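Remember, predicted model here, so these are calculated numbers, not experimental data.
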Amino acid sequence: MKVLVTGAAGLVGGEVCARLLAHGHEVTGLVHRNPDVRANDGAAVEIPTVKGDVSQACLGLSPEDFAGLADAHDLVVHCAASVRFDLEEQDYRAANVDGVHHALELAEAGGMGFLHVSTAYVCGTRDGPIMEDDPLRDSGFANGYEASKAAGERLVRQSAARWAIARPSIVVGAHEDGAIRQFDTTYAAFKLIAEGRVRHMPARPGATLDFVPIDHVAAGIVALAERMEVAAGGTYHLVSGQPLPVERFTEAIGAHPQFHEPELVAPDRFDPALLPALERRLFKRVAGLYASYFQRDPHFSDTRFREVTGLECPVTGEDYIRRLIDHCIAVGFLADA
């Protein structure tokens, strides 16, 4: 296939490009500010790139270049998105809603397939079983990121393009060794907690986290891309399916003598105004943005994904969390003992 990957310089996009190329496909990367496309191991991915901006009409390209891009490819894998949790509504709309609209216009212009990368957390604050074919929510989201990704999905479902939707959960390091190319989003909060700069987190008893290895996510996206004839019209969870209790996650952090295990406080007893001044600021700016994930218990089903791709996430749990932490220490993101 001839595949255009948007967000090709991003963490997931780069690994998807590397795997598509390794499978023999012709890959073009749409990049924005960062022109470097790299696999998760940091290796450069040698593909042609086009500089554009999904938030702009015609992806910021001339009409001629836009048409040429549309005619030259069979499939768009739309990875481009903002994954930050601290943006204003207009910024989410530009990246995660308008960006989908403009990428869909490209797919429709070229008669291409469209594989959209969303998030499993479009389920919002629901607990319990979350099925791949559950109706998409209109409300009940924990933050603007989730709401914007749901809005983007609605556009995909209304499109004339042949589409499928991939929904990763919380993407973290590779399964075998915990390696990850860049530390952002979840890792920023993890670092503050481990270093003891945020010592209290509101957490509901029974809450769980679904950490999924980046290699499973990228392999799943490539598998869906290669099976678009079967996958079209479906929504697929790229998740671990092995929800980890929050207490076990924080205990894994505290098992290292140089790290601090945070105190988990019932949400109805947690008042950030009572935290020490520095912790209060760090909680508000970073850790608090992720606090809702310590208060939910979604159980994502990936039955349809496994049926279509034949892939299943390997075992995660505490051993995997320890590998994630060990990698953070090995590369200096977290302090050694």
Going by an N to O cut-off under 4.0 Å, is there a salt bridge joining Arg296 and Asp210?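 No salt bridge links Arg296 with Asp210.
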Residue pair [X] / [Y]: nearest heavy atoms and the distance that separates them:
X      : Y      : result
Val45  : Ala39  : CG2-N, 3.5 Å
Gly206 : Glu247 : N-OE2, 4.0 Å
Cys79  : Val5   : SG-CG1, 4.2 Å
Tyr236 : Val308 : CE2-CG2, 3.7 Å

Would a distance-only check, ignoring hydrogens and angles, find a side-chain to backbone donor-acceptor pair under 3.5 Å from [X] to [Y]?
X      : Y      : answer
Arg181 : Gly10  : yes
Gln242 : Pro314 : yes
Asp53  : Leu59  : no
Asp71  : Gly68  : no
Glu132 : Phe305 : yes
Lys149 : Val83  : no
Lys191 : Phe333 : yes
Glu279 : Arg197 : no

Tell me whether [Y] is reachable from [X] by hopping between hydrophobic residues (I, L, V, M, F, W, Y) whose side-chain heavy atoms are closer than 4.5 Å.
X      : Y      : answer
Leu278 : Phe259 : yes
Leu11  : Ile170 : yes
Phe114 : Met112 : yes
Phe183 : Ile214 : yes
Leu69  : Leu115 : no

Is the ring pair [X]/[Y] parallel, tilted or perpendicular, if the boundaries are 30 and 60 degrees?
X      : Y      : result
Phe300 : His237 : perpendicular
Tyr293 : Tyr290 : tilted
Phe249 : Phe190 : tilted

Rounded to the nearest 0.5 Å, what's the gap from [atom1] on [X] to [atom2] on [Y]? Could you check?
X      : Y      : atom1 : atom2 : value
Arg199 : Leu282 : CZ    : CG    : 12.0 Å
Leu30  : His78  : CG    : NE2   : 9.5 Å
Leu209 : Thr316 : CG    : OG1   : 11.0 Å
Arg306 : Cys313 : CZ    : SG    : 10.5 Å
Leu75  : Met228 : CG    : CE    : 5.5 Å

Evaluate side-chain contact (heavy atoms from CB on, under 4.5 Å) for Leu4 paired with Val77, printing each intermediate quantity in order. CA-CA 6 Å; Leu4 175 73; Val77 178; over 6 Å; no
Under the salt bridge (charged side-chain N to carboxylate O under 4.0 Å, His left out) criterion, do Asp138 and Arg154 qualify, and how do the steps go? CA-CA 10 Å; Asp138 293 317; Arg154 287 188 204 97; 3.3 Å; yes
Could you go through His175 and Tyr320, starting from their C-alpha distance and side-chain angles, then the distance that decides it, and tell me whether this counts as ring-ring contact (aromatic ring centres under 6.0 Å, His included)? CA-CA 7 Å; His175 183 263; Tyr320 174 54; 5.7 Å; yes
Tell me, with the steps shown, if Arg248 and Glu318 meet salt bridge (charged side-chain N to carboxylate O under 4.0 Å, His left out). CA-CA 7 Å; Arg248 284 165 58 190; Glu318 286 104 327; 2.6 Å; yes
With a 4.5 Å heavy-atom cut-off, do Leu136 and Glu153 have their side chains touching? yes
Donor + acceptor pair across side chains of Ser82, Asn96 (<3.5 Å):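 The criterion, which ignores hydrogens and geometry beyond distance, is not satisfied for Asn96 and Ser82.
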Distance alone, cut at 3.5 Å: any donor-acceptor contact between the side chains of His73 and Glu26?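 Checked: His73/Glu26 side chains show no N/O donor-acceptor pair below 3.5 Å.
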Does Met201 form a side-chain contact (heavy atoms from CB on, under 4.5 Å) with Glu263? I'd like the steps, not just the answer. CA-CA 6 Å; Met201 284 294 288; Glu263 179 182 350; over 6 Å; no
